[in-house]
Amino acid sequence: MKNRLAWLLTGILLLIISGLALTHNLPWRYDVTFGDEMTYLASGLTYTFPPDPYLAQWGSFYAAWLRFLQVFAPDTLDLFYLNWRLLIILTGALLFLYLYLRKSGFAVSLFCALCFQFSTMSVQLDPRISAFTLCLMLAGLCVVQAREWSARNVLLITAVTALVCAYVRPEFYISMLLAAGLAAGTFFIPGLRGKNRSLSAFSGLLGVAALVVVFFFLFGNPLAQGEKGSNRSFDAFVQHFSINYNTWNNRPIDIPIVEQFKLISDVFGKDVKSMSDAFRAHPDLVLRHFWTNIVNTTKAEFRVLGSVIFETPLMHLTSPYRKWILGGFLVVIVFGLVDLPGTFRQFTGKRIKLTSKELALLILLFPSMASVVLVFPRSHYLYFHAIGLITVFAYLLGSIKLRVVQSPVWLGGLAGLMLIWVVFQTVQQQKETRPTPVADNIRFIRSLSINGTVTSLEREWYRIFLYGREQKPRWIRVEMYQPNTDFGRFLNEQNVNFILMTRDMQTYFSQDSGFTTFLNSAESGAFRRLKAPEPGSYLLIRPELLPKDSRVSWLPNP
């Protein structure tokens, strides 16, 4: 028992060290990406307790986590990268713990966890809210694996885990209802009835029910629609049905949100407000959408497994002979170390049965399995699938019988080889330099020591990194401006005092006569023009936002 605990702690420590090495200098190797993650970041910066019930559909607990991290990283950009680093480290360590508690073996658990931690899917995941959800999910599964629980208690732990996850990603509410329903079935459904039907056993189910009610009143309803929350499920269907529909008809798939909703209205009718409405209007198209997703998901699962387990270990190995080296290495392992007859006997002798612990994993994976069919095989859904695939792979790998005795020296040697691989990979990654124009722009903006409330005209999310002032910035969407009209008048009416003209913004306004007239008029003199770090970009800012002793360089108006 002591040896098992020592190996467990050693593995966790190795995953933490490898994670720290992997994420070293992360802010200078990976750029900030705008998207849904910025919505969650804004929620974290403005989080109060009790939170707005609207947040129940938009990562209420994730917002609380970000608010907590802000204590250690007051600067928003530092907070963004700190959260990124911690989630990479935590997912790797928790995955190792889960696999080791499943008795996959130290070397197998360490290998699988390192492959996942270093994989592109883990490092470049976006939005990172899915990594936070996975940490909660793995923590619950570790509790399930930590001891021999009754089937009822396993389901109750699963229900609580899913409930907590639901206030990060709302679809897990379905898992909670499913696990709680099965737990209730152990009392009432023939065949599921447990031996213990006492009041103390029933109290566990009552406790979960009470927790559901408390969470409902404190944090809101994750499945709320209409006035109590946005219709996220239908919005996701609209976005991804349009991709499949345009693919079928050889049309561009990257179309604006407005065009996506117009397409749905044209195909299914103006009154369609849900997926069930769409199914009633055109069941053939919805079923084709589902089947397309099933086919694409099947292909994606093989890519995910190949990327995590096979491509990740070979990263940065650029030798033209690497396939031959790998082939020779596998031959040595298979015929030199593996006891083939013994392995065959182990596989054929094992009876595969669905225990309550495997059921817990399936219940928690159910939302992502349903989502890839109903919506689309998006990368952050497949991210959860990777855990299921790795679990199966670890089971198969752990079932291999070796010719050598797995002594502490043998296991230590394997761990040493994996650490050499970690050192090699991290050294190679540190040599890679990637441009970080967005992060550089943010650092530039933060260095200006802006005074007052910013009213920003933009298409992106730079405003998020101006939070933390006395007042949060106002966002003026570029779509509010009518093209080819009086741009200067629009800025005055909206009190715009901050415009970061990135290359994206310049492209957007490149054909707009009103914007061109504004730049060439004396009216643009009301703004100071500062050179931004992104090549070709500049900032238009009202002088009153800058401190009087500001020494920032500025460019003359064109």
field: Crowding at CG, Asn249 (>12 non-hydrogen neighbours, <6.0 Å)
entry: yes
Would you give me the side-chain donor-acceptor pairs under 3.5 Å for residues 119-128, sequence neighbours excluded?
from: Ser119; atom 1: OG; to: Phe116; atom 2: O; distance (Å): 2.7
from: Ser119; atom 1: OG; to: Ser122; atom 2: N; distance (Å): 3.3
from: Arg128; atom 1: NH1; to: Leu125; atom 2: O; distance (Å): 2.6

Parallel, tilted or perpendicular: rings of Phe219 and Phe215 (30°, 60°): perpendicular
task: Run the salt-bridge test on Asp284 and Arg288 with the 4.0 Å N-O cut-off and return the result as yes or no.
output: no
query: Cationic tip of Arg463 within the cone over Trp461's six-membered ring, i.e. under 6.0 Å and within 45° of the normal?
result: yes
- prompt: Any side-chain donor paired with an acceptor under 3.5 Å for Glu37 and Tyr62?
  reply: yes
- request: Tell me, with the steps shown, if Tyr481 and Tyr508 meet ring-ring contact (aromatic ring centres under 6.0 Å, His included).
  value: CA-CA 12 Å; Tyr481 166 69; Tyr508 184 83; 8.5 Å; no
statement: Hits for side chain to side chain donor-acceptor pair (under 3.5 Å) against Arg459, two or more places apart or cross-chain, chain-then-number order -> Asp504
query: Are Arg503 and Gln506 linked by a side-chain donor-acceptor pair shorter than 3.5 Å?
result: no
message: Less than 4.5 Å apart, side chain to side chain, heavy atoms only: is that true for Ser456 and Pro473?
response: no
- prompt: Would Phe487 and Phe509 count as a close aromatic pair, with their ring centres under 6.0 Å?
  reply: yes
message: My understanding is that only residues two or more places apart in sequence, or in another chain, count here; which of them pass side chain to side chain donor-acceptor pair (under 3.5 Å) with Thr23?
response: Arg85
message: Check this for me: does any side-chain nitrogen of one of Glu479 and Arg477 sit under 4.0 Å from a carboxylate oxygen of the other?
response: no
- request: If the plane angle is over 60° it's perpendicular, under 30° parallel, otherwise tilted; pick one for Phe34 and Phe465.
  value: tilted
- prompt: Strictly by modelled atom types, are Ser18 and Gln117 linked by a side-chain donor-acceptor pair under 3.5 Å?
  reply: yes
